[in-house]
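Please read all numbers here as calculations on a predicted model, not as lab measurements.
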Amino acid sequence: MLKQSIKTIKGIGSKKAEFFASLGVYSLLDLMSLYPFRYEDLSSPSMISDIENEEEAVFLARVLSFESSRSYNGKNILRVNLSDDYSKMQAIFVNSPYIQKLLIKDEIYWFHGKCSVYGKYKSVFHPEFLLYSDKPEGMGIKPVYPLNKDLKQKDIKNALASCENLFDLIEENLPEKIIDKFDLIKKSEAMYAMHFPSSMENVEKARYRLKFEEIYLQQKEIFEKRKLEREKKRKNFYTDVNSEEIFSIYDFELTESQKKTVEDIRCDLKSDAIMKRLIFGDVGSGKTVIAISAAYMALKSSYQTCIMAPTEVLATQHYEEFKKYLSKEAKICLLVASVKEKDRLIKEIAAGRYDIIVGTHALIQENVSFKKLSIIVTDEEHRFGVKQRHSLQNKALDGADTLSMSATPIPRTLSMIYYGNLDISYLVDMPKGRKKIITKFVDGRENKKKLLKFIYDKIKEGEQAYFLAPRIEDDEEKNKSSVEKMVKYFREIFPDFSISYLYGKMNSAEKERRMEAFKKGEISILISTTVIEVGINVPNATIILISGIENFGLSQLHQLRGRVGRGEKQSYCFLTTNKKSPNLMNRVKAMERYNSGFDIAEMDLKMRGPGEILGDKQHGFKLFKLIDYLEDHDLIMKVHKIFLNNED
Ligand code: ADP
Ligand code: MG
């Protein structure tokens, strides 16, 4: 019955049905699920005397008289004098002389519209109005629907009015137990109240129930997936490695989070389900240690591990780090596009000569195969597509374990929604001795001069700096010249420092060489666009100057800042721009205030909304009509817990 087309409603023909279709409304049920986006509370109209400038007000007033005139450009202006017995007001209509026939002198109306106040003179422009006696119950709540240009509020209301008796047919879709436990109203009741509310309280209850349902059904699906995942039984077995043995590989004490995460992985590998773990850890929190530890566990069972990083520079860096800690017991190789004797290397990997294979996308090329690949680690997992990750899995042993690492923590609310089916470890603490990076916005000639002096002194003391050149959209040529301009400028003012640079299109061997020189300290200042990517680790670099910050989102700025603060020395992040805007200054404030990627992610969610943050995962957002990620955090948490507690 509810699946019937809205054309069965009297007054809706093909034409109107098309207009409704553009709002996504085809069936009666669709219509009933078209929720108002706001309500006007006619139960508490304003007094005219209380109305403020720019206020969108609802008020009751009597029509006193009409004044009609012409504007200088020939428009018909109708002024309607109104009064609520205490104060006066004018309603103004342009080119709508027919209004005079609709409004009856001496009658009382509800008015609703945007008001202006100039001294004692108050007016409302093109208000909506409704005869007071047309609403015999007097007061009430008026739903306001999303519209398109062809439909009026009235069309939707009339259509809904003819469905008023059908709401009882709406089927309940939450378990009785849940409805009772959380004191929810029934679905049919809630949907009815959205359109025919008796009070704002009633609306609130209805919205709560419907939001609850949205998140409940979404979590149910996610947890069902998770259950399926967990039913995939382990096929590759590991001998258990003592945690202390793992910790002793390193020449530093692991952070509590690192220890816990290594433990998580140990348990995963012992459990009879395949590991699918996601590691969220801020820049510099030490994710590489996690990858090394996992590789060590695989090594002790004679399996291969591979680590895929998004760029050659990063892969090379990982390779070095792995060699530093595991070169005694493991054979480690680097597979990237520019590697020498690649064919031979690929043959050797296939023959199982290497225990640990570090690389870039080169790892997923067709001719690459592995002998006993059982742990797959992807670094900066969001930089890879689903396909790329899958193709690596296809090269691994059946039922291989996976570990994905990401430096872009997403707010917990979002991770509950999107990664509820994965196991997640968070690296929340930083290695000992790290100091908070001091972040400052630098503006004005004098301050910029001081900044240059400050940088000069620091570099004289042997520290190093990254300078980010303003990025010019996606134009590589312009970006290159933006970098070159900056290089020229700084070589002039800092003639005694060694300054080098990178830009996107530069060939990767050359990039590599310059990065390497910077790492070794042969270069003091490295100027670039964004190629100094996520993950670069040069502990002696203590300064990052980001020019043209308007090019970057908050999370990106935070990522860039993460290039410094990697050693024990105090680090600094300086931000500059020629394009100040309120929005940008909010980002600046957030950067100055927050050092943790988790806080930054929350702020980013507030400023930009979830779609921007999740990128390609945003298609899922259409799932929710009513849920608001920020406002409904507690509700999302509550529902998430229902499922968590039901497990095992
Ligand atoms: P990210 O999480 O950004 O990938 P890295 O793994 O590159 O961080 O680690 C950053 C630096 O911190 C590296 O030089 C690494 O050796 C060092 N490091 C990692 N864990 C610790 C620790 N527990 N104590 C001291 N230094 C650490
Ligand atoms: Mg890293």
Side-chain angles (χ1 to χ4, degrees), residues 238 240-271 274-301 303-310 314-315 317-327 329-330 332 355-359 373-384 389 392 396 400-410 415 419 422-432 434 534-537 559 562 566 596-598:
Y238 300 80
D240 193 18
V241 186
N242 183 306
S243 307
E244 290 306 321
E245 182 183 331
I246 300 171
F247 300 158
S248 71
I249 305 172
Y250 306 99
D251 52 5
F252 43 70
E253 167 102 10
L254 268 59
T255 64
E256 285 311 307
S257 302
Q258 283 172 326
K259 285 185 186 167
K260 185 171 173 303
T261 305
V262 170
E263 271 312 304
D264 288 342
I265 294 170
R266 247 188 87 218
C267 288
D268 289 344
L269 297 184
K270 273 198 285 189
S271 102
I274 294 169
M275 170 167 79
K276 252 193 188 317
R277 185 168 290 279
L278 188 57
I279 316 281
F280 278 124
D282 212 341
V283 278
S285 59
K287 289 183 291 295
T288 316
V289 163
I290 305 303
I292 295 174
S293 307
Y296 184 80
M297 295 184 229
L299 179 71
K300 292 289 152 174
S301 299
Y303 286 120
Q304 287 174 306
T305 300
C306 83
I307 295 89
M308 182 162 70
L314 283 180
Q317 184 178 290
H318 282 322
Y319 172 64
E320 304 283 322
E321 195 91 349
F322 270 77
K323 275 205 306 198
K324 183 168 166 193
Y325 295 107
L326 296 180
S327 61
E329 42 249 297
I332 309 171
D355 307 301
I356 298 169
I357 303 96
V358 185
L373 178 58
S374 83
I375 296 187
I376 299 170
V377 184
T378 25
D379 192 20
E380 311 301 343
E381 68 96 30
H382 57 284
R383 302 269 300 265
F384 294 99
R389 275 177 276 162
L392 197 47
D401 296 287
T402 60
L403 205 56
S404 311
M405 309 200 291
S406 175
T408 316
I410 60 171
S415 63
Y419 299 107
L422 298 178
D423 291 307
I424 306 183
S425 301
Y426 292 92
L427 295 180
V428 291
D429 43 10
M430 287 287 174
K432 254 199 232 114
R434 293 283 163 80
V534 181
I536 291 290
N537 188 33
Q559 289 289 341
R566 297 182 154 249
S596 136
F598 292 96

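A salt bridge between Glu263 and Arg266 is present, with a side-chain N of the basic residue lying under 4.0 Å from a carboxylate O of the acidic one. Between Asp240 and Lys270 there is a salt bridge, since a side-chain N of the basic residue sits under 4.0 Å from a carboxylate O of the acidic one.
The number of heavy atoms from other shown groups lying within 6.0 Å of NZ (Lys260) does not exceed 12.
Under the salt bridge (charged side-chain N to carboxylate O under 4.0 Å, His left out) criterion, Arg434 pairs with no residue, sequence neighbours left out. Residues satisfying the side-chain hydrogen bond (donor to acceptor under 3.5 Å, both in side chains) criterion with Glu245, sequence neighbours excluded, are Tyr296. The ring pair (Phe, Tyr, Trp, His ring centres under 6.0 Å) check on Phe322 picks up nothing, with sequence neighbours excluded.
Inter-residue side-chain proximity for Asp268 and Asp401 is flagged as unmet; no heavy-atom pair is nearer than 4.5 Å. Contact of the Ile375 side chain with the Tyr238 side chain is registered, since non-hydrogen atoms from C-beta on lie closer than 4.5 Å. Proximity of Arg277 to Ser425: side-chain heavy atoms (C-beta onward) are separated by under 4.5 Å at one or more points.
Checked by atom type and distance alone, the side chain of Gln559 pairs as donor or acceptor with a backbone atom of Ala407 at under 3.5 Å.
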Practice item. Would you check, one step at a time, whether the test side-chain contact (heavy atoms from CB on, under 4.5 Å) holds for Ser404 with Phe384? Key: CA-CA 10 Å; Ser404 311; Phe384 294 99; over 6 Å; no
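Looking at every heavy atom in both residues, Lys287 comes nearest to Asp282 through NZ-O, 3.3 Å. Heavy-atom minimum distance, Ser293 versus Val262: OG-CG2, 3.7 Å.
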